[in-house]
Amino acid sequence: MAKESKKVLVLFAHPSQRRSEVNMPLFKAAKLVEGVTAVDLYGEYPDYHIDIDREQKRLLEHDVVVFQYPLYWYSTPSILKEWQDLVLEYGFAYGSSGTALHGKYFMCAITAGGKEEAYKADGYNHFKIRELLTPLEQMANLTGMQFLAPFALFGSRTALEEGKVGRHAESYRKLLKALVEGEVDFDKAIKSEKITSNNIGDVLKESVL
Ligand SMILES: Cc1cc2nc3c(=O)[nH]c(=O)nc-3n(C[C@H](O)[C@H](O)[C@H](O)COP(=O)(O)O)c2cc1C
């Protein structure tokens, strides 16, 4: 049986790209994956004048939407909020006739300065990473998209000096390729708490491992 291939849209947001040690290599990896459309939101909209029609058209043309960003104050860099506020319009993304995104998948690819063990009830960040993404999960629910567990790198500030960036970029490439090729186990990806370079094998089908 022919594999069902998916079109993946990566919406990347980093306001300070010359200082980025992790997201830039990740974005570079994303751009090289066939079937992935990689959009640099700050690059395209430095003045925040987001072209709503163009962004809605992009959404219609893709099956999987990925927000790639560094975690900033437990949230997204501001342009991703602006993008949501403007692009996910009533009648397009929600409301009785707003069904444009129904059946798509949504995922966050995030980097966090905090250590993995800090993201739990008794850690200093008190919440699990997926809990902190609750508004985005509910955004996906309301717009009819399936929310996949976040792909995350923790301890991102020291990842370069610890030699962890290359491995994570390779995991990201593998994950995006698997999304394109329908080689992700979506049931597992929906139920997982998070996807990291350590457990990525759990959500990929055996054929791509
Ligand atoms: C304004 C700002 C807010 C941040 N907030 C968080 C945060 O809430 N949680 C966290 O773990 N790291 C936080 N960080 C650390 C960033 O997530 C980290 O610097 C980034 O993931 C590194 O990726 P980069 O090398 O691509 O910039 C913050 C950094 C900045 C500059």
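Only a predicted model underlies this, so the values are computations on that prediction, with no experimental measurement involved. Each ligand, and each atom within it, is numbered from 1 in the order the structure gives. Numbers here simply count residues along the sequence, with the first being 1.
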Asker: Check ligand 1 against N23 and write out every atom of the ligand that is under 4.0 Å from a heavy-atom position of the residue.
Answerer: 23 (O), 24 (P), 26 (O)
Asker: I need the nearest protein heavy-atom contact for atom 12 (N) of ligand 1: residue, atom name and distance, please.
Answerer: G113 N, 3.1 Å
Asker: Please determine if R58 and E55 form a salt bridge, counting it only when a charged side-chain N lies under 4.0 Å from a carboxylate O.
Answerer: yes
Asker: Return the residue, atom name and 0.1 Å-rounded distance of the protein heavy atom closest to atom 31 (C) of ligand 1.
Answerer: Y72 CE1, 3.7 Å
Asker: Who's the nearest protein heavy-atom neighbour of atom 27 (O) of ligand 1, and how far?
Answerer: H14 NE2, 2.7 Å
Asker: Using a 3.5 Å cut-off on N or O atoms only, is G114 in polar contact with ligand 1?
Answerer: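 Yes - when backbone and side-chain N and O of G114 are compared with those of ligand 1, one distance drops under 3.5 Å.
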Asker: Who's the nearest protein heavy-atom neighbour of atom 5 (N) of ligand 1, and how far?
Answerer: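 It is W73 N, 2.8 Å.
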Asker: Heavy-atom contact under 4.0 Å between Y119 and ligand 1?
Answerer: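 Right, Y119 reaches ligand 1.
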Asker: Could you report the tightest heavy-atom contact between C108 and Y69, atom names first, then the distance?
Answerer: SG-OH, 3.7 Å
Asker: Tell me: protein heavy atom nearest atom 16 (C) of ligand 1, and distance?
Answerer: L71 O, 3.6 Å
Asker: I need the nearest protein heavy-atom contact for atom 8 (O) of ligand 1: residue, atom name and distance, please.
Answerer: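 The closest one turns out to be Y74 N, 2.8 Å.
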Asker: Strictly below 4.0 Å, N to O, side chains only: are K81 and D85 in salt-bridge contact?
Answerer: yes
Asker: Under 3.5 Å, is there a donor on one side chain and an acceptor on the other for S197 and Y172?
Answerer: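 Judged by distance alone, the side chains do not pair up.
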Asker: To the nearest 0.1 Å, how far is atom 22 (C) of ligand 1 from its closest protein heavy atom, and which atom is that?
Answerer: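 Its nearest protein heavy-atom neighbour is S156 OG, 3.4 Å.
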Asker: Can you tell me the protein heavy atom closest to atom 19 (O) of ligand 1 and the distance?
Answerer: R157 NH1, 3.6 Å
Asker: Which ligand 1 atoms, with their elements, are less than 4.0 angstrom from a heavy-atom of A112?
Answerer: 11 (O), 17 (O), 21 (O)
Asker: Which heavy-atom pair separates F147 from R130 by the least distance, and what is that distance?
Answerer: CD2-NH2, 3.6 Å
Asker: Quick check: does E21 get an N/O under 3.5 Å from an N/O on ligand 1?
Answerer: yes
Asker: Should the pair E170-K174 be classified as a salt bridge under the 4.0 Å nitrogen-to-oxygen rule?
Answerer: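 Salt bridge flag = no for K174 with E170.
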Asker: Are K164 and E162 ion-paired here, with the side-chain N under 4.0 Å from a carboxylate O?
Answerer: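 Yes, this pair counts.
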Asker: Is E44 paired with R54 through a side-chain N to carboxylate O contact shorter than 4.0 Å?
Answerer: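 E44 and R54: salt-bridged.
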Asker: Does any non-hydrogen side-chain atom of V65 lie less than 4.5 Å from one of Y105?
Answerer: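 No; the side chains remain at least 4.5 Å from each other.
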